[in-house]
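So the structure is just underneath, and the comments pick up after that.
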Amino acid sequence: MSDTPNDILVHTEAGVTTITLNRVDKKNSLTRAMYATLADTFEAAAQGTEVRVVVLQGDLAIFSAGNDIGDFLQQPPASEDSPVFRFLRAIATFPKPVVAAVCGPAVGIGTTLLFHCDLVYAGDNAAFSMPFVNLGLCPEAASSLLVPQMLGYHRAAEALLLGEPFMAEAALEVGLVNRVVPPTECNAVAQAQAKKLAAKPLSALIETKRLLKKGQTAPVLERMAEEGESFGRMLREPAAREAFTAFMAKRKPDFSNC
Ligand code: COA
């Protein structure tokens, strides 16, 4: 059993590692340090048999506001080894089941990481959004591949070009979410499902997940690398700089010159 008193809490019990995003004052936006912890946790949990299932959860009012925008302004990810990309590869290739409990807004990577989870339970207050274009950016986490696969092209274009939020019921309808429950029950439902999984033979879980994902992993990693290259470049360009500066200054961005 272990606890890390930090922006990311990690607790392992009876084969289930629960990761809690715990930077609620900043709406669980994710810093470089948090990505590094997430990457380390997934990489370690992939090994051996002590961990059989990972649960990822946020707060009852906020799952995650996505990347920390100040962090992006100050130290944009510079290479494939950056913590954010290391985390994305770790969750995309994680061999054991991952269960997510999502309540409140799930913005940017807060939504795209869910495409790499196996089971997703949502509070009825969950709101999913991928506002990359609004920030002068492009999709990440292979979402340009996985979102149209799941939602169909036109709904994907609406989600990724307009960047408008969609609610838990819509996420349920397209299959991004397994079940919608009251927010106060969401973590418990995820834990209950994780416990069921943890009681099953790990080798059968791993082999079944491998077969379910067969043929997907290589294109996902390839798309992540291509998106990562564009994303890294676009972070330094005028549109993103304007969007981030405007967010920090709490004003509307002006893209008339971008
Ligand atoms: N990066 C850094 N700080 C963030 C943040 C982010 N992505 N999202 C929220 N915060 C900070 C705010 O700056 C604010 O800090 P302050 O108290 O020091 O002023 C605090 O968290 C509370 O945020 P606020 O916007 O006041 O909360 P809200 O309840 O009105 O709205 C959100 C919640 C998630 C809808 C809103 O914060 C938001 O849209 N965040 C940005 C999402 C985004 O564009 N993410 C990037 C995706 S790539």
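We're numbering straight along the sequence, starting at 1. Start at 1 and go down the list; that is how both ligands and their atoms are numbered. FYI, side chains are in, hydrogens and waters are out, and symmetry mates aren't considered; it's all heavy atoms of this structure.
A donor-acceptor pair is defined here as one N or O able to donate and one able to accept, closer than 3.5 Å; such a pair exists between the side chain of K209 and the backbone of K96. With N125 contributing its side chain and L60 its backbone, the two residues share a donor-acceptor pair below 3.5 Å.
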Enumerate donor-acceptor pairs with a distance under 3.5 Å from any side-chain N or O in residues 251-258 to protein atoms, sequence neighbours excluded.
from: R251; atom 1: NH1; to: E242; atom 2: OE2; distance (Å): 2.7
from: R251; atom 1: NH2; to: E242; atom 2: OE1; distance (Å): 3.2
from: D254; atom 1: OD1; to: S256; atom 2: N; distance (Å): 2.9
from: D254; atom 1: OD1; to: S256; atom 2: OG; distance (Å): 2.6
from: D254; atom 1: OD2; to: S256; atom 2: OG; distance (Å): 3.4

Name the atoms and distances for all side-chain donor-acceptor pairs under 3.5 Å in residues 154-170, with sequence neighbours left out.
from: R155; atom 1: NE; to: L151; atom 2: O; distance (Å): 3.2
from: R155; atom 1: NH1; to: E173; atom 2: OE2; distance (Å): 3.3

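If you chain together ILVMFWY residues whose side-chain heavy atoms come under 4.5 Å of each other, I62 ends up grouped with V24.
Annotation: ligand 1 has protein neighbours D25, K26, K27, S29, A65, N67, D68, I69, V107, L135, F247, K250, each with a heavy atom less than 4.0 angstrom from the ligand.
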Show, in sequence, the C-alpha distance, side-chain angles and deciding distance for F72 and F231, and conclude whether the ring-ring contact (aromatic ring centres under 6.0 Å, His included) test is met. CA-CA 11 Å; F72 258 180; F231 198 93; 5.8 Å; yes
